[in-house]
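Since the structure comes first, as structure tokens, the remarks are kept for the end.
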Amino acid sequence: MRTFKPSIHRALKVLLVAVLVFSFLSLLGGIFDHFLGYTKIPVLGFLQLSFVEEFDLDNEANIPTYFSGLLLLFSSIILWVIAYIERENNSSFYQHWFGLSLVFAFLSVDEVASLHERTT
């Protein structure tokens, strides 16, 4: 059985590829929208994929937004684990890590649910 060995370089590569893919798809959607006049792209003739809206980096409630929300949620979970380990080691800073975990959990919910847009 293989063990999971986290690697900062591997995580950085995955995140960099994700940013490049989302940027390329957003640019491609902008080209379809502005130059070709397509807002929906026919996939199977009957299925219309809203490609422009789903990958536009300037929109909310689309695939890049959900990806960002997931990253914030994973960050919150990692911070909670750090807080738990710090508490087990009797560190006085575990409350700070737990507070950061709560902040990132709120940011994740805010990103996905677009709470900050509703307040303005």
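Just so you know, these numbers use all the heavy atoms, side chains as well, and skip hydrogens, waters and symmetry mates. These figures come from a predicted structure and were not determined experimentally.
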Would you indicate whether Ile8, at its atom CD1, is surrounded by more than 12 heavy atoms from other residues, nucleotides or ligands within a distance under 6.0 Å?
-> no
Rounded to the nearest 0.5 Å, the CG atom of Leu27 sits from the OG atom of Ser23 at a distance of 8.5 Å
Taking all non-hydrogen atoms of both residues, which atom of Lys5 and which atom of Arg10 are closest, and how far apart?
-> O-NH1, 3.5 Å
Assess whether atom CG of Asn89 is packed by more than 12 heavy atoms of other residues, nucleotides or ligands within 6.0 Å.
-> yes
With a 4.5 Å limit on heavy-atom distance, are the side chains of Val112 and Tyr66 in contact?
-> yes
What one should report as the nearest heavy-atom pair of Leu25 and Phe55 is CD1-CE2, 3.5 Å
Is it true that Ile63 and Leu15 fall in one hydrophobic cluster, defined by side-chain heavy atoms closer than 4.5 Å?
-> yes
Cut-off 3.5 Å, no hydrogens considered: what does the side-chain donor-acceptor table look like for residues 98-110, sequence neighbours left out?
unit_1	atom_1	unit_2	atom_2	d
Ser101	OG	Ser76	O	2.9
Ser101	OG	Ser76	OG	3.3
Ser108	OG	Gly69	O	2.9
Asp110	OD1	Leu115	N	3.3
Asp110	OD1	His116	N	2.8
Asp110	OD1	His116	ND1	3.0
Asp110	OD2	His116	ND1	2.7

Looking only at non-hydrogen atoms, find the nearest pair between Arg87 and Tyr94 and report the distance.
-> N-CB, 3.5 Å
Quick one: do Leu36 and Leu28 end up in the same hydrophobic cluster if we chain Ile, Leu, Val, Met, Phe, Trp and Tyr together by side-chain heavy atoms under 4.5 Å apart?
-> yes
Measuring from Ile78:CD1 to Leu73:CG, what's the distance to the nearest 0.5 Å?
-> 10.0 Å
What's the spacing between Glu54 CD and Asp56 CG if we round to 0.5 Å?
-> 10.5 Å
In Å, rounded to the nearest 0.5 Å, how long is the span from OG of Ser26 to CG of Asp33?
-> 10.5 Å
Starting at CD of Glu86, measure out to CH2 of Trp97 and round the result to the nearest 0.5 Å.
-> 7.0 Å
Show the numbers, then the answer: is there a side-chain contact (heavy atoms from CB on, under 4.5 Å) between Val17 and Val21?
-> CA-CA 6 Å; Val17 167; Val21 166; 4.1 Å; yes
Return yes if some donor-acceptor pair links the side-chain N/O of Asn62 with the main-chain N/O of Glu53 below 3.5 Å, else return no.
-> yes
Results of ring-ring contact (aromatic ring centres under 6.0 Å, His included) for Phe22 - residues two or more places apart only | Phe67
Report the relative orientation of the aromatic rings in His96 and Phe93; use parallel for angles under 30°, tilted for 30 to 60°, perpendicular for over 60°.
-> tilted
Taking the side chain as C-beta and beyond, is there a heavy-atom pair between Glu111 and Thr65 under 4.5 Å?
-> yes
Is there a side-chain contact between Ile85 and Val81 (heavy atoms, below 4.5 Å)?
-> yes
